[in-house]
Amino acid sequence: KMADGSDKENDGGGSCHRNLPPNRDVLVPRSDVACRNDAVVFVHSQMYVDLCNNLAKVPGRASAVHGLIEAYGLTKELRLVEPRPATVAELTSFHSTDYIDHLRKASAEEDEEKDIDVSEEFGLCYDCPILPGVYEYAAMVAGATLTAAQCLIDGECRVAINWHGGWHHAKKDEASGFCYVNDPVLAILRLRERFSKVLYIDLDLHHGDGVEDAFCCTSRVMTLSLHKFDTGFFPGTGDIHDTGMGRGRYYTVNVPLRDGIQDSQYFSVFNKVVSQAESCYRPEAVVLQLGADGMSGDPMGCFNLTPQGVGRCLAVVLDWKLPTLLLGGGGYHVGNTARCWTALTAQVLGKSLPQDIPEHEHFTEYGPDYELGITPGNRVNHNTDEYVEEVINIVSENLAHVM
Ligand SMILES: CC1(C)CN(C2CCCC2)C(=O)N1c1ccccc1/C=C/C(=O)NO
Ligand SMILES: [Zn+2]
């Protein structure tokens, strides 16, 4: 049974003629669902940073992110909570037992014994090589995200952060896009035990396909992704007309964008779409994936955003005063990813930061300017105002079906 008495299967959702008991969802005053504690939980341990450093796709990124947050003195303002690895039971609340068993066995093998063609079947091949220890890494990242979600459920905080999570491509029984375990899905399933409606927002450059797939048939979770959508660009899903299925129809929102978008246009699209989604869906909790591979200077070289632009999007979400889980994701320029997530961490804390990067272990990553801000490049923007207006109109029409 879910928190609101609905069954897992029967989500009691649907469009305007919802058959929910009227007095459950409408009359609950919003203050009841937001917690009164304004602490900010930050999931961290040295072992966790070391694990992420060695096994995540971008070696050394975890310690650069943590190092900059610490160098700016923000860890003193955060409530640091140690992560613990997710249990098999937690991992299989979404992933298949076969897949998790395979991941665990393959991860334990030494390199030479690995039987490459067997690992094909679970998507564990080229993009997602089975590195020794990848199971421990994936279980710890999932456990960290679940730890953050639990803090929100227990009212320990209003915002909880795990910058080393956000692996949004992993599927029920398949690794994908270098994501082995889908920690956002696990967190949403956990939040659903306490909150009847969860809004997932994905601002990574790539479409959040794994999370969308997990919840495409239910109205209890709305997934909303802004991403690059172009022929041949990974993962290839996230078309504007993909709006979910069955009871989940209209509760999947896709905002496909082109190369070169900058802060002002991105914020304008975000603000119109996400504000309408919040006001018609009225979620009780939010999961926000903030992958930083859309930053100007990222080797993906697609979007042309800065931490300031994403910060304006974050401000809209924080203004709702709902339990909010912040996750990382992509981000392949180590310095810019650290700049982005440090700036966002400070924003959550209501702290303004000096532009000069403080002296610290990773100082050299920030040359030649050694400043916190990122300036947008002067690349061509393929998002015409007409295109953006059309996208907003189509998404807005779809959202009108959500009551
Ligand atoms: C292997 C990495 C993850 C790194 N990378 C680039 C970055 C700069 C140099 C290589 C990719 O394009 N990758 C991918 C390869 C295949 C499929 C997906 C991705 C990325 C997914 C993602 O970011 N989702 O949010
Ligand atoms: Zn990405």
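All values reported here derive from a predicted model rather than from experimental measurement. FYI, the numbering just counts along the sequence from 1. For ligands, and for the atoms within them, numbers begin at 1 and follow the listed sequence. Side chains are part of it too, since the values below use all heavy atoms of this structure and drop only hydrogens, waters and symmetry mates.
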> Below 3.5 angstrom, do we get any N/O pair linking K57 and ligand 1?
Replying inline: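 No, K57 has no N/O under 3.5 Å of an N/O on ligand 1.
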> Hey, which protein N/O/S atoms does the Zn ion (ligand 2) have under 2.8 Å?
Replying inline: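 Less than 2.8 Å away from the Zn ion (ligand 2) sit D204 OD1, H206 ND1, D293 OD2.
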With heavy-atom distances below 4.0 Å as the criterion, list the atoms of ligand 1 near [X].
{"X": "D204", "value": "24 (N), 25 (O)"}
{"X": "M300", "value": "6 (C), 7 (C), 12 (O)"}
{"X": "P299", "value": "8 (C)"}
{"X": "G177", "value": "17 (C), 18 (C), 21 (C)"}
{"X": "H168", "value": "24 (N), 25 (O)"}

>> Could you go through D385 and Q265, starting from their C-alpha distance and side-chain angles, then the distance that decides it, and tell me whether this counts as side-chain hydrogen bond (donor to acceptor under 3.5 Å, both in side chains)?
In response: CA-CA 8 Å; D385 287 340; Q265 216 177 23; 3.1 Å; yes
> For the residue pair H66 and F42, does the interplanar ring angle fall in the parallel (under 30°), tilted (30 to 60°) or perpendicular (over 60°) class?
Replying inline: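 Plane angle between 30° and 60°, so tilted.
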> Should the pair Y99 and H95 be assigned to parallel (<30°), tilted (30 to 60°) or perpendicular (>60°) ring geometry?
Replying inline: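 Answer is tilted, since the angle falls between 30° and 60°.
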> What ring-ring contact (aromatic ring centres under 6.0 Å, His included) pairs are there with at least one residue in residues 326-351, not counting sequence neighbours?
Replying inline: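 ring-ring contact (aromatic ring centres under 6.0 Å, His included) check on residues 326-351 returns W163-W341.
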> Are R194 and D154 within salt-bridge range, i.e. N to O under 4.0 Å?
Replying inline: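 No.
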> When you check the gap from the basic side-chain N to the acidic O, do D369 and R339 get nearer than 4.0 Å?
Replying inline: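 Salt bridge: yes.
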> How does D298 reach ligand 1, by side chain, by backbone, by both or by neither, if only non-hydrogen atoms under 4.0 Å count?
Replying inline: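 Neither part.
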> Quick one: salt bridge (Lys or Arg N to Asp or Glu O under 4.0 Å) partners of K351, sequence neighbours excluded?
Replying inline: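 Salt bridge (Lys or Arg N to Asp or Glu O under 4.0 Å) check on K351 returns E77.
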> How about E371: does its CD atom have over 12 heavy atoms from other parts shown lying under 6.0 Å from it?
Replying inline: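 Yes, CD of E371 has more than 12 neighbouring heavy atoms, counting only those of other groups under 6.0 Å.
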> Which residue pairs pass the side chain to side chain donor-acceptor pair (under 3.5 Å) test when at least one of the two sits in residues 302-314, sequence neighbours left out?
Replying inline: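 Pairs touching residues 302-314 that pass the test: D263-T306, S296-N304.
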